[in-house]
S.K.: 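Questions regarding the structure given below will be posed in turn.
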Amino acid sequence: MGLGLRRIGKTFVAQATGYDLRQPLTPTQVAEVEAALAEHGVLVFGGQPLDETQQYAFIKSFGPTTVATLKEIAGNNQNFFDVGTVDDEGKPIAGDSVKGEYLRANRLWHTDGSFNQPPIRLTALLARELPPVPPPTEYADMRAAWDALPASRQAQLEHLMVEHSVLRSREQTGMTAEKFTSDTLQTRKPVSHPLVRTHPANGRKSLYLASHASHIIGWPLEKGRALVEELIAFATQERFVYSHPWQVHELVMWDDRWTMHRATAYDGPHPRKMRQCSVRELEPV
Ligand code: OGA
Ligand code: MN
């Protein structure tokens with residue numbers, strides 16, 4: 001059975017049907033998912049109760065995985081990044097713990113792992129357990145945002161380079177450098193990426209931004225920060241945003257090259273268990 005796709009956002013995001021992701025994907029199926037991500041950016045697969053082994057096998061069929069090597073946030077399974085409200089033992093993650101502080105920055109608009117070089121390319125997030133009224137995750141279409149800019153503005157932006165770092169996103173939610181291990185501070189030095197990216201599958205351009213984006217290389221810091229902030233605000237206007245209301249066992253997969261996303265606040269008493277894994281680009285970007 002082929003991949004069924006139905007657009008559910010205004011400009012992007014599709015409901016994807018017809019695949020059982022617990023089964024190994026054939027190369028044809030991988031190619032279909034890649035093509036659907038290039039076209040829709042975010043795919044929602046319902047009814048996918050994957051265990052750890054199956055989710056890891058699924059993501060690995062798209063390329064080399066990234067590992068949650070930041071010691072401050074790693075759980076028992078190094079292949080995953082758990083972004084829920086409880087730890088491996090089911091204990092609530094305290095808001096003032098290092099992991100709690102780290103996760104709070106997920107509420108800022110971001111694309112995953114842009115502070116790495118090579119950065120993350122695709123992410124798969126599985127809802128394992130949800131509160132009765134789950135907090136939605138919001139997605140922004142940075143291709144539609146790029147297309148909406150006047151050509152004169154596009155020309156000014158096209159060749160700019162942006163510095164990204166994990167410390168930049170964290171400092172915005174109050175997590176300062178001394179909370180990180182010296183290992184992280186040494187291995188996660190700032191990296192630079194183009195502000196505008198071209199998708200290899202279809203040649204479409206998009207903005208490439210995130211909470212990790214700090215400033216423009218070669219510009220005065222404050223001027224570069226102001227531009228990054230202005231463009232993130234532009235790209236996350238309601239007309240470019242889709243808000244996903246989660247159901248248990250949904251797996252949402254997104255293309256980190258041309259979308260951003262953010263978590264919404266949830267401080268309720270019920271556990272929220274989300275398991276994330278990603279693949280990275282093969283070459284520096
Ligand atoms: C992520 C993430 C948002 C959420 O897993 O990368 O940003 O709503 N998650 O949990
Ligand atoms: Mn994320």
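Counting starts at 1 for both ligands and their atoms, following the listed order.
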S.K.: Of all N, O or S atoms in D112, which has the smallest distance to the Mn ion (ligand 2)?
M.R.: OD1
S.K.: Name the orientation class of the two ring planes belonging to Y102 and F81 (parallel below 30°, tilted from 30 to 60°, perpendicular beyond 60°).
M.R.: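 Perpendicular, since the angle between the ring planes exceeds 60°.
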S.K.: Report the distance from atom CG of L108 to atom NE2 of H212, rounding to the nearest 0.5 Å.
M.R.: 9.0 Å
S.K.: Under a 4.5 Å cut-off applied to non-hydrogen side-chain atoms, are Y19 and V33 in contact?
M.R.: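 In contact.
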S.K.: With ring centroids as reference points, do H40 and F12 lie under 6.0 angstrom apart?
M.R.: no
S.K.: Assess the side chains of S211 and W109: does a donor N or O sit below 3.5 Å from an acceptor N or O?
M.R.: no
S.K.: Regarding H261 and N106, is there a side-chain donor-to-acceptor distance under 3.5 Å anywhere?
M.R.: no
S.K.: Can you name the residues that come within less than 4.0 Å of ligand 1, going by heavy atoms only?
M.R.: V83, N106, H110, D112, L125, T137, W254, H261, A263, R272, Q276
S.K.: Any donor-acceptor pair under 3.5 Å linking the side chain of R239 with the backbone of K10?
M.R.: no
S.K.: What's the NE2-the Mn ion (ligand 2)-NE2 angle here (H261, H110), rounded to 10 degrees?
M.R.: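 Vertex the Mn ion (ligand 2), arms to NE2 of H261 and NE2 of H110: 90°.
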